[in-house]
There are 2 protein chains.
Amino acid sequence: MNTDTPESATPHRGDGRREAAVETIQREMTAFARRARSAAARMHPELSLVSFTLLGHLEEHPGCRARDLAAHYALDKSTVSRQVAALERAGLVGRRADPADHRVQVLELTSAGAAALDQAAEIRTAMFRGRLADWAGEDLDRFAAYLLRYNGRGGYGEH
Amino acid sequence: MNTDTPESATPHRGDGRREAAVETIQREMTAFARRARSAAARMHPELSLVSFTLLGHLEEHPGCRARDLAAHYALDKSTVSRQVAALERAGLVGRRADPADHRVQVLELTSAGAAALDQAAEIRTAMFRGRLADWAGEDLDRFAAYLLRYNGRGGYGEH
DNA sequence: CATTTAAGTTGTACCATACAACTACCTGCT
DNA sequence: AGCAGGTAGTTGTATGGTACAACTTAAATG
């Protein structure tokens with residue numbers, strides 16, 4: 001990584017303001033991520049973060065298999081197996097055997113699972129909406145566009 | 001919070017575009033948080049997320065106490081105690097008794113701890129810098145300002 | 001058919017965490 | 001001074017999420 005460390009001794013191309021903006025973005029995004037984690041925990045006291053994440057995945061990808069979840073979230077199949085079993089025990093997901101391949105189990109949200117997810121989404125949305133309540137529409141648009149631009153184009157995390 | 005649920009039946013003030021922007025922001029921020037979590041895990045294989053967070057806190061607040069960490073991150077004191085003990089065992093933090101109060105232990109990064117943190121920060125910064133490399137300075141400024149505005153004013157998470 | 005490969009489960013171990021009980025210490029009050 | 005009550009931190013114990021390894025069942029492949 002030969003990014004020649006622009007912060008120390010920035011002679012000519014010293015766009016310190018640019019650096020400062022990048023650092024602010026980094027700090028604030030990280031702070032958000034940290035807070036989101038604990039907020040998620042508080043939001044679903046009974047559901048572990050992973051359970052909830054898996055549930056969300058099932059909403060977006062109904063009929064997916066345990067191995068998809070394991071691959072997508074870099075979890076061991078045993079972990080997924082137990083999490084899915086717990087979710088089934090809780091009545092939030094259903095499993096049925098794939099007639100074409102008796103090894104795989106097709107996973108789906110139950111209505112209770114969908115309801116739990118919806119309720120959580122509602123709380124989360126209310127939180128965001130409250131936070132952004134007094135923003136001008138123009139700023140919302142730009143902020144959304146920036147986030148899309150920032151996220152859109154892999155490289156930072158999994159996926 | 002009487003936000004009278006604007007999504008269902010939005011008769012006159014139905015600013016759907018505004019809603020869409022909020023939803024995009026929510027989705028993208030959440031996606032970022034999710035990816036950041038796994039990225040952090042990949043970045044510090046040897047350091048747990050919490051250990052790393054505590055280490056970072058010690059960098060910003062040298063000389064703080066275990067109870068500060070527990071309060072700030074909503075962790076039990078026993079958890080902090082064990083984590084700090086592990087960090088000390090790893091040579092990343094040092095403890096010394098407060099002469100004014102023999103109950104408390106003043107915590108500080110060791111040079112090894114600071115180095116580990118710096119290295120991690122470097123990787124992280126490189127990641128952000130790469131992501132934002134082709135952004136115009138004006139956009140960076142605005143994005144940073146939006147994030148500050150979004151985060152700045154409690155209510156979403158702890159703190 | 002036999003071997004290999006794949007999907008899931010179960011046994012085991014480890015780590016982070018919470019709660020509760022405990023130690024050591026400080027503070028305030030009488 | 002001395003005791004009551006609170007505080008900082010540790011340790012015992014239990015739980016939950018996770019990985020790894022061994023296993024089961026079934027599909028694919030030779």
Side-chain angles (χ1 to χ4, degrees), chain A residues 34 37-58 61 63-90 92-108 158, chain B residues 34 37-58 61 63-90 92-108 158:
Chain A
R34 205 178 333 118
R37 205 173 59 86
S38 74
R42 212 164 325 110
M43 204 182 310
H44 317 287
E46 77 283 357
L47 240 49
S48 85
L49 179 62
V50 166
S51 290
F52 186 71
T53 305
L54 298 184
L55 222 49
H57 192 92
L58 286 182
H61 306 279
C64 77
R65 292 94 189 265
R67 56 163 291 274
D68 299 326
L69 298 175
H72 197 82
Y73 296 107
L75 291 168
D76 193 80
K77 18 175 219 162
S78 64
T79 302
V80 173
S81 172
R82 286 183 236 264
Q83 292 295 322
V84 169
L87 288 173
E88 186 185 33
R89 232 178 294 123
L92 301 176
V93 315
R95 299 194 264 196
R96 46 188 177 71
D98 182 342
D101 185 339
H102 284 201
R103 291 173 306 178
V104 313
Q105 303 188 338
V106 179
L107 303 175
E108 262 172 351
E158 96 273 284
Chain B
R34 206 179 329 121
R37 207 173 58 86
S38 73
R42 212 166 324 110
M43 205 181 311
H44 317 288
E46 78 283 355
L47 240 51
S48 86
L49 178 63
V50 165
S51 290
F52 185 71
T53 304
L54 298 185
L55 222 49
H57 193 92
L58 285 183
H61 307 279
C64 78
R65 294 95 189 264
R67 57 162 293 274
D68 299 327
L69 297 175
H72 198 82
Y73 297 107
L75 291 169
D76 192 81
K77 25 176 211 158
S78 64
T79 302
V80 173
S81 171
R82 287 183 236 264
Q83 292 294 322
V84 170
L87 288 172
E88 185 186 34
R89 230 177 296 122
L92 301 176
V93 315
R95 297 193 264 195
R96 47 188 176 72
D98 182 342
D101 185 339
H102 283 201
R103 291 172 305 176
V104 313
Q105 302 186 337
V106 178
L107 303 174
E108 261 173 352
E158 95 273 284

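Because the structure is a prediction, the values reported are computed rather than measured. In what follows, every chain begins at residue 1, and chains take the letters A, B, ... in the order their sequences are listed. The figures that follow rest on heavy atoms only: side chains count, while hydrogens, waters and symmetry mates do not.
The side chain of Ser81(B) contributes no N or O atom lying less than 4.0 Å from OP1 or OP2 of dG9(D). Neither OP1 nor OP2 of dT17(C) sits under 4.0 Å from any side-chain N or O of Thr79(B). OP1 and OP2 of dC15(C) both lie 4.0 Å or more from every side-chain N or O belonging to Gln83(B).
Arg67(B) contributes no side-chain N or O that forms a donor-acceptor pair with the base of dG6(D) under 3.5 Å. Taking only distance into account, the side chain of Arg103(A) never meets the base of dT25(D) through a donor-acceptor pair shorter than 3.5 Å.
Contacts between residues 95-102 of chain B and DNA chain C, counted as heavy-atom distances below 4.0 Å, involve Asp101(B), His102(B).
Between Leu69(B) atom CG and dT10(D) atom P the separation is 11 Å, expressed in whole Å. To the nearest angstrom, P of dG17(D) lies 15 Å from CZ of Phe52(A). Rounded to whole angstrom, the span from the CD atom of Gln105(B) across to the P atom of dA24(C) amounts to 14 Å. In this structure, CZ of Arg65(A) is placed 18 Å from C1' of dT9(C), rounded to the nearest angstrom. Rounded to an integer number of Å, the gap from NZ of Lys77(A) to C1' of dA26(D) is 13 Å. Rounded to an integer number of Å, the gap from Glu88(B) CD to dT10(D) P is 9 Å. One atom, CG of Leu75(B), and another, P of dT10(D), lie 14 Å apart when rounded to the nearest Å.
Taken to the nearest 0.5 Å, the CD atom of Gln83(A) stands 12.0 Å off from the CG atom of Asp76(A). To the nearest 0.5 Å, the span separating CG on Leu69(B) from OG1 on Thr79(B) amounts to 11.5 Å. Note that SG of Cys64(A) and CG of Leu54(A) are 8.5 Å apart. Values are rounded to the nearest 0.5 Å. The distance from the CG atom of Asp68(B) to the CG atom of Leu107(B) is 8.5 Å, given to the nearest 0.5 Å.
Ranking dG8(C), dG9(D), dT12(C) by closeness to the Arg82(A) side chain, first place goes to dT12(C).
Nucleic acid contact for Ala70(B): none, since no nucleic acid atom lies under 4.0 Å from a heavy atom of the residue.
Annotation: ring pair (Phe, Tyr, Trp, His ring centres under 6.0 Å) contacts of His102(A) (sequence neighbours excluded): none. Qualifying salt bridge (Lys or Arg N to Asp or Glu O under 4.0 Å) partners for Asp98(A), counting only residues two or more places apart in sequence or in other chains: Arg65(A).
Between Asp76(A) and Ala86(B), the one whose closest nucleotide on DNA chain C sits nearer the 5' end is Asp76(A).
Using cut-offs of 30° and 60° for the angle between ring planes, the His57(B) and Tyr73(B) rings count as perpendicular.
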